[in-house]
There are 2 protein chains.
Amino acid sequence: MKIEDEIKQSTFKDEYQKAHINLVFTTGWLQQQQSGQFKEFGLTLPQFNILRILRGQHPKPATVNLLIERMLDKTSNASRIVDKLEVKHLVTRTVCPSNRRAVDIRITEAGLELLRQLDAVMQNQQLGLQNLTLEEATQLSNLLDKIRD
Amino acid sequence: MKIEDEIKQSTFKDEYQKAHINLVFTTGWLQQQQSGQFKEFGLTLPQFNILRILRGQHPKPATVNLLIERMLDKTSNASRIVDKLEVKHLVTRTVCPSNRRAVDIRITEAGLELLRQLDAVMQNQQLGLQNLTLEEATQLSNLLDKIRD
DNA sequence: TGCAAATATATGTACATACATTTAATGTTG
DNA sequence: CAACATTAAATGTATGTACATATATTTGCA
């Protein structure tokens, strides 16, 4: 559906404004699709993203700093998201022996198993991006990189 | 900067995953640019968006339902955002005479004046989208529409 | 060595999101 | 017209975001 119809606004100031609104709307749309999938597993999107970073490190631990560095949204509060994962026993937190200011965070076996289940779900899932050809996906990335130049 | 460098991840599963991550990252980047501009005016991005919808309706009132319909994120809580605007005297709330379940929300003169100031700021502001040509902006919108098909 | 600066994380507060529930007014229908 | 369903908005609760501040540890250097 064209963005005009999605938000019931027929005219935009210019193509830039239209593209901007479309970006915000489409990203929100994609994220809602995704969190819908995660809900039955009791995971939110930020929690999932952190778990994936921890799996990437496994069996090495990560620190909060490393999580922030890798997170898409740098300013969010990794510490409190780890809190939630710890309560669910999906990660462990131990004081880092070599630097007692830092905290070693590790994904547990339960966390790895949950991600395996989600991998299977995501495999079957048609996220909207697959409506694009490979060339179009590349083109999209290039346009986005240009925006942030 | 290429997305690989922004998030310190050199490889992606495929171009689709890369474009997806780039979408989330770039939209977050844009929104942070914008809220930075609003902060000195004491407005958040959702508050600004609602004020703009109300200006679009002015001098007719809007209901909460109409706001939700027009908002980019349909599931957010318009009622409480209006609360914040009301405290700042940027909008008024009166019971709708023809349907006492509904509430007529109107932008005040102070609200209109604040938007005028912000218009001026936004005019001078180089939001990243202007790095694109007009053709590229159109192309971007078309790609995004295709994602949501 | 001792003390200030830097670092790693946690905490506090205001705002927003997501979703379920509540309250009040209006429609509907047997 | 009375009972029930629907609708519009507000409220409750858990989570996340943004930003400032606090606490503990380590580092650096006078």
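In this text the structure is predicted, and so the values were computed from the model without any measurement.
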Picking from [options], which would you name as closest to the side chain of [X]?
X	options	result
B:Pro46	C:dA16, C:dA6, D:dA8	C:dA16
B:Asn77	D:dT11, D:dA10, D:dG16	D:dT11
B:Ile81	C:dT17, C:dT9, D:dT26	C:dT17
A:Thr44	C:dT9, D:dG16, D:dT26	D:dG16
A:Arg101	D:dC19, D:dT25, C:dC15	D:dT25
B:Lys39	D:dA9, C:dA8, D:dC19	D:dC19

Practice item. Select from B:Gly36 and A:Gln47 the residue whose nearest nucleotide in DNA chain D is closer to the 5' end of that strand. Key: A:Gln47
**Study point:** Nearest-nucleotide 5' precedence on DNA chain D, A:Met71 against A:Ser98
**Key:** A:Met71
**Study point:** Identified side chain to side chain contact (heavy atoms under 4.5 Å, CB included) counterpart of B:Gln47 within the set B:Leu90, B:Val82, B:Ile81
**Key:** B:Ile81
Check your understanding: A:Ile50 pairs by side chain to side chain contact (heavy atoms under 4.5 Å, CB included) with which of A:Leu45, A:Ile105, A:Leu85, A:Leu43?
Key -> A:Leu85
Gap between atoms [atom1] and [atom2], on [X] and [N] respectively (whole Å):
X	N	atom1	atom2	value
A:Ile105	C:dA10	CD1	C1'	12 Å
B:Leu67	C:dA16	CG	P	14 Å
B:Gln31	C:dA16	CD	C1'	12 Å
A:Arg80	C:dT9	CZ	P	15 Å
A:Asn65	C:dA6	CG	C1'	12 Å
A:Leu45	C:dC19	CG	P	12 Å
A:Arg93	C:dA8	CZ	C1'	12 Å
A:Ile68	C:dT7	CD1	P	14 Å

Check your understanding: How far apart are the C-alpha atoms of B:Lys2 and A:Asn142, what are their side-chain angles, what is the distance that settles it, and do they pass the side-chain contact (heavy atoms from CB on, under 4.5 Å) test?
Key -> CA-CA 8 Å; B:Lys2 291 217 146 287; A:Asn142 289 336; 3.7 Å; yes
Review point. For D:dG16, does OP1 or OP2 lie under 4.0 Å from any side-chain N or O of A:Lys84?
Key: yes
Review point. Base, sugar-phosphate, or nothing for B:Asp83, non-hydrogen atoms under 4.0 angstrom?
Key: nothing
Exercise for review: Determine, stepwise, if the pair B:Arg148 / A:Thr26 fulfils side chain to side chain donor-acceptor pair (under 3.5 Å).
Suggested key: CA-CA 7 Å; B:Arg148 296 190 323 277; A:Thr26 303; 2.8 Å; yes
Check your understanding: More 5' along DNA chain C: A:Ser35 or A:Ser79, using each one's nearest nucleotide?
Key -> A:Ser79
**Study point:** Side-chain (B:Tyr16) to main-chain (A:Asn131) donor-acceptor, under 3.5 angstrom
**Key:** no
